[in-house]
Amino acid sequence: MNPLIPIMVILPICCALLLNLFHNKDKTVKILAIVVGLVLPIIPLVANYGLHYFGGYSPLIMDPGLASEVPSLITGSALNIFHPAITYTFASAQKIFIFILGIVAFFAIFTSLNEIKKPSGVYAFLMFMGTASISAILLSDDIFNLYVFFEIAALTQVGIILCSGVERNYETALKYMLLGNIAAPLLLLGIAILLGLTGNVNITDIIYSLKNGLVDPQNPSFLLAGGLIIFGWLYGSGLPPFHSIKSAVYSKALPHGAALLQAFSVFTFLALGIIIIRIFSYLPLTQWVIIIFSLMAMILGITMAIMQTDFKRIIGYLAVGELGYIGLGLGMGTAFGVTAGLFQAVNEAIITAFLFIGFGTILYKTGISDTRKLGGLLSDNPWVAGLVLMAGFAMAGIPPLNAFQSKLQLVQASIDAGFPELGIIMVILSIITFMTFVKVFYTIYLRPRPQDLKIINETIPKSTIISLVAFLVICLVLGLFPQLVTDNLSQFAQGLI
Amino acid sequence: MFIDVQLASFFTAGAIIVLGIYAALFLDNIIKKIIGLSFITEGVNLFLVTIGYKPGGVVSIFLPGMSREWFVQNSAYPLPYAMVLTSIVIGASTLAVMLGIVIILYKKHSTLSASKVLRDDEETGDAGE
């Protein structure tokens, strides 16, 4: 038992509750949020791999004392090895994901505390609560516990939109909730069917039941459960048909909020995607469903980004498109493909946060996100423009930045797996992503400044620039030394396949 | 007869879920949509309760005088009930947030028509802060 494993969830929850309590005490909110934000990425680095059984209830086979008091009817059956309580699993992949989530959360919170004139305890509460929920989703081996945190994460996302003050944010929040309240109960229904068939909500135990013939995997109810869980996965991560609402959600949040929201989507996508692969991988259909929805996300996300005029919406659609790359990696069904997909997820969480906070400087300076009303901003902050340019290059996969490595691995993996067509599509869509970014960059920074454009904030906060530089450093480090994460991810991928 | 009760309960849950999805997707009034969403949640809760149903079983509380073997064989499975309790709390929370948003939107738009309130809004580009 490793006490640091539940701390990854408990600490941000406690911090969130305290921040809510200290609302209006600006200095306390700032200090508490920054200190806890700094600690969040450190915990996964120092924690040992292992399992955590809530309440100390390990499987009976590991607790001979308790097993001796239980009727032989139980100890003589598979129940002897089943997990009686919620179990958290902390392995090599979780270490990387929770570390990256912690980094994005810290810089999003750090930026927000300095960009917003009066730091809000409620806003910081929502950011920490969301981070705790996604950490729990990544750690939990219990699919119902995952559902509970999935719902909490959805509520915090709505809260972050409501706190933004952006025009029509309430309408978008309601639309997101209406769709979510169809998708989430259907996800729960899928979990309920799995419970009905296997008597379990622990994922490892469900897989044990399947592999040892305790359940008929060809049972149509099992397929229905798979379909419902996939539907919940599409909603949680913003894949089609939910791509439009997801990008609207990003555009209605403040840039630092959107930076964190996209990281939530990426890690929800991964967590649920991995569960779908673990439970339903015996069905050939699963691989194709993941590939088809991922392709749709790439094509729809990137082509719709071209048509937008609001840069927040453009990044939102690009973020949805980039999710498709991750899905293709997972869907290839090879250890190399899955490793490349997971690496792409890590990179996307960093790069999209980099882009949101980078372009957020424009919103901070002008209060405008419509590219048609912007222009000539290069001379105001050429260094910041340079950082934003690097973020765009990173997303498009230009060397030596991190996405170059992951996208190259994805193309190689697609050829190895016998899907060279996917590699071609990925390259073409990367070029379109680059073109979209260059168009936006030119419109905002390089073309002549419109006469009626007013600057409302002259100086960009130092915290924002520090965050951008930190993201660039991470992109460069991961681009130059990808093995820092791919070794861990490869271990996990081999175990998964 | 007991199997029939369970089957009937499953069908009722299914019917409530389908009714809820219909209301959420096809009715224009936002409050009616939200009622439909509650139907979906409650249908799933009923489904969960039905899974835990055991014909002739007892509530899964170990009372003095019960033998362990008898209790193991006759108690209903408690996990679905624990899940339903959590689901009810989640449902109530999301319902409260949705209704709160609807109050604000009604004050702003003076209508509860989803086609008017939630019409697809292409960005104005104004951050509106």
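Electrostatic pairing of A/E171 and B/K108 counts as a salt bridge here, judged by a charged N lying under 4.0 Å from a carboxylate O.
In B/F62, the CZ atom is crowded: over 12 heavy atoms of neighbouring residues, nucleotides or ligands sit closer than 6.0 Å. Atom CZ of A/F222 is surrounded by more than 12 heavy atoms from other residues, nucleotides or ligands within 6.0 Å.
Each of B/L48, B/V117, B/L105 has some count of heavy-atom pairs under 4.5 Å with chain A, and the biggest count is that of B/L105.
Summarising the geometry of A/M177 relative to B/T94, their closest heavy-atom pair is CE-O, 3.7 Å, with the distance given to 0.1 Å. Heavy-atom minimum distance, A/L188 versus B/S87: CD2-OG, 3.5 Å. Considering every non-hydrogen atom in both B/I40 and A/I182, the closest pair reads CD1-CG1, 4.1 Å. Across every non-hydrogen atom of B/K33 and A/L178, the tightest pair is CD-CD1, 4.2 Å. Of all non-hydrogen atoms in B/T41 and A/P185, the two that sit nearest each other are OG1-CG, 3.9 Å. Residues B/I101 and A/A173 approach most closely at CD1-CB, 4.1 Å, considering heavy atoms.
For a residue to count as touching a neighbouring chain, one of its non-hydrogen atoms must lie under 4.5 Å from one of that chain's; by this rule B/L95 does not touch chain A. Looking at A/L374, there are no atoms closer than 4.5 Å to chain B (heavy atoms on both sides), in backbone or side chain.
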Check step by step if side-chain contact (heavy atoms from CB on, under 4.5 Å) holds for B/M98 and A/V158.
-> CA-CA 10 Å; B/M98 275 194 292; A/V158 168; over 6 Å; no

What's the verdict on side-chain contact (heavy atoms from CB on, under 4.5 Å) for B/I90 and A/Y147, showing C-alpha distance, side-chain angles and the deciding distance?
-> CA-CA 10 Å; B/I90 292 170; A/Y147 162 78; 3.9 Å; yes

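Judged purely by atom type and a 3.5 angstrom limit, A/Y170 has no side-chain atom pairing as donor or acceptor with the backbone of B/I104.
How far CD1 of A/I152 is from OG of B/S93: 8.5 Å, rounded to the nearest 0.5 Å.
Taking the side chain as every heavy atom from C-beta outward, B/L79 and A/F144 never approach each other to under 4.5 Å.
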